[in-house]
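When reading the values below, keep in mind they use all heavy atoms of this one structure, side chains included, and skip hydrogens, waters and symmetry mates.
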Amino acid sequence: MAWCAARSVHLPTIDLGALRTRAPLAVGVGFASAAGSTLWRSSASSKPSSRFACLAISTDARIKEAVHTDKAPAALGPYSQAIKANNFVHVSGVLGLIPETGKFISENVEDQTEQVLKNMGEILKASGANYSSVVKTTILLADLKDFKKVNEIYAKYFPSPAPARSTFQVAALPLDARIEIECIAAL
C-alpha cells in the first residue's frame, strides 16, 4: 500500500475543514500534496482532526510487469516492448521490422504499417490483451501525406468503437522508419 508523503515523513495531518477556509486552492504534484506554504491544524476545534488523504503513484517494481515476446522485434534501447500496470498494458512504439531478421519488411508505408500492426498484435497477445481492448493509440509518421494510406490499413485491425488516437508527423523515426505506433490497452 502506498502512503501519503505527509505520513512518510511524519508531518502533521491536516484538518480539512481548516484547509477549506484558509486555502482556496490545494495543489498536488506527483506523490506529494501541499496547500499554500503552511500546513494548518485548527486549534479552535475540539473535535478530532480529519486525516489528510492522498493518492500516490508507487515506483514499486512489483506493481508493474514487463511484457516480452520473440514474435515481435526486440526493443532497440533500454526499454520494454510493453509494461503491464494498473490493469493497463502500455505498448512502446512499434516499428515495421520483421522479428526474425530485424530488417524492415519493405520501404513503403503500407507494408510497414501492416507489419507494425502485426507486431503490436503479438505484443498485445503476450500481455493478455488484443486489438479490441486498445483504448488509445499514437501514430508517428515520417510524412503526414501517408495519413490516408495508414488509415485504410489501421481500420482493418481496430473494431468499432475505434480507440482514441493522435497522429503526428515527426522529423525522423528510429532506423528511418516510415511509421511507428504505440498504444495503451485495458486488461
Original post:
Can you hop from Y157 to M120 via hydrophobic side chains spaced under 4.5 Å?
Top reply: yes
Original post:
Does K125 NZ have over 12 foreign heavy atoms under 6.0 Å away?
Top reply: no
Subject >> Check against side-chain contact (heavy atoms from CB on, under 4.5 Å), E152 and E110 >> reply: CA-CA 9 Å; E152 291 170 5; E110 295 92 344; over 6 Å; no
Original post:
Nearest heavy-atom pair of L141 and T167: which atoms, and what distance?
Top reply: CD1-CG2, 3.8 Å
Subject >> Over all atoms of both residues, closest heavy-atom pair of A66 and I83 >> reply: CA-CD1, 3.8 Å
**OP:** Kindly compute the distance separating CG (D111) from CD1 (I105), expressed to the nearest 0.5 Å.
**Re:** 6.0 Å
Original post:
Is there a path from I181 to F147 through hydrophobic residues (I, L, V, M, F, W, Y) whose side chains come within less than 4.5 Å of each other?
Top reply: yes
Subject >> Minimum heavy-atom distance between A75 and Y79, given as atom pair plus value >> reply: CB-O, 3.1 Å
Original post:
Looking only at heavy atoms, which two atoms of Q112 and S106 are closest? And how far apart?
Top reply: NE2-O, 3.0 Å
Original post:
When rounded to the nearest 0.5 angstrom, what distance separates NZ in K149 from CG in N108?
Top reply: 8.0 Å
Original post:
How about Q169: does its CD atom have over 12 heavy atoms from other parts shown lying under 6.0 Å from it?
Top reply: yes
**OP:** Please list, chain by chain and in numerical order, all residues satisfying side-chain hydrogen bond (donor to acceptor under 3.5 Å, both in side chains) with Q81, sequence neighbours excluded.
**Re:** H68
Original post:
Looking at F158, does the NZ or CZ of R165 lie under 6.0 angstrom from its six-membered ring centre and within 45 degrees of the ring axis?
Top reply: no
Acceptor/donor pairs from residues 84-101 side chains to any protein atom, 3.5 angstrom cut, sequence neighbours excluded:
residue, atom, partner, partner atom, Å
K84, NZ, S127, O, 3.3
S92, OG, S80, O, 2.6
T101, OG1, K103, N, 3.2

Original post:
Do you reckon I184 sits in the same ILVMFWY cluster as L187, going by side-chain contacts under 4.5 Å, direct or chained?
Top reply: no
Subject >> hydrophobic_cluster_shared for V150 and F168, side chain cutoff 4.5 Å >> reply: no
**OP:** Mind checking the CG-CZ spacing from D176 to F104? Nearest 0.5 Å is all I need.
**Re:** 7.5 Å
Original post:
Is L144 linked to Y154 within one hydrophobic cluster, defined over Ile, Leu, Val, Met, Phe, Trp and Tyr using a side-chain heavy-atom separation of less than 4.5 Å?
Top reply: yes
Original post:
Step by step, would you call D146 with R178 a side-chain contact (heavy atoms from CB on, under 4.5 Å)?
Top reply: CA-CA 9 Å; D146 293 330; R178 299 289 311 253; 2.5 Å; yes
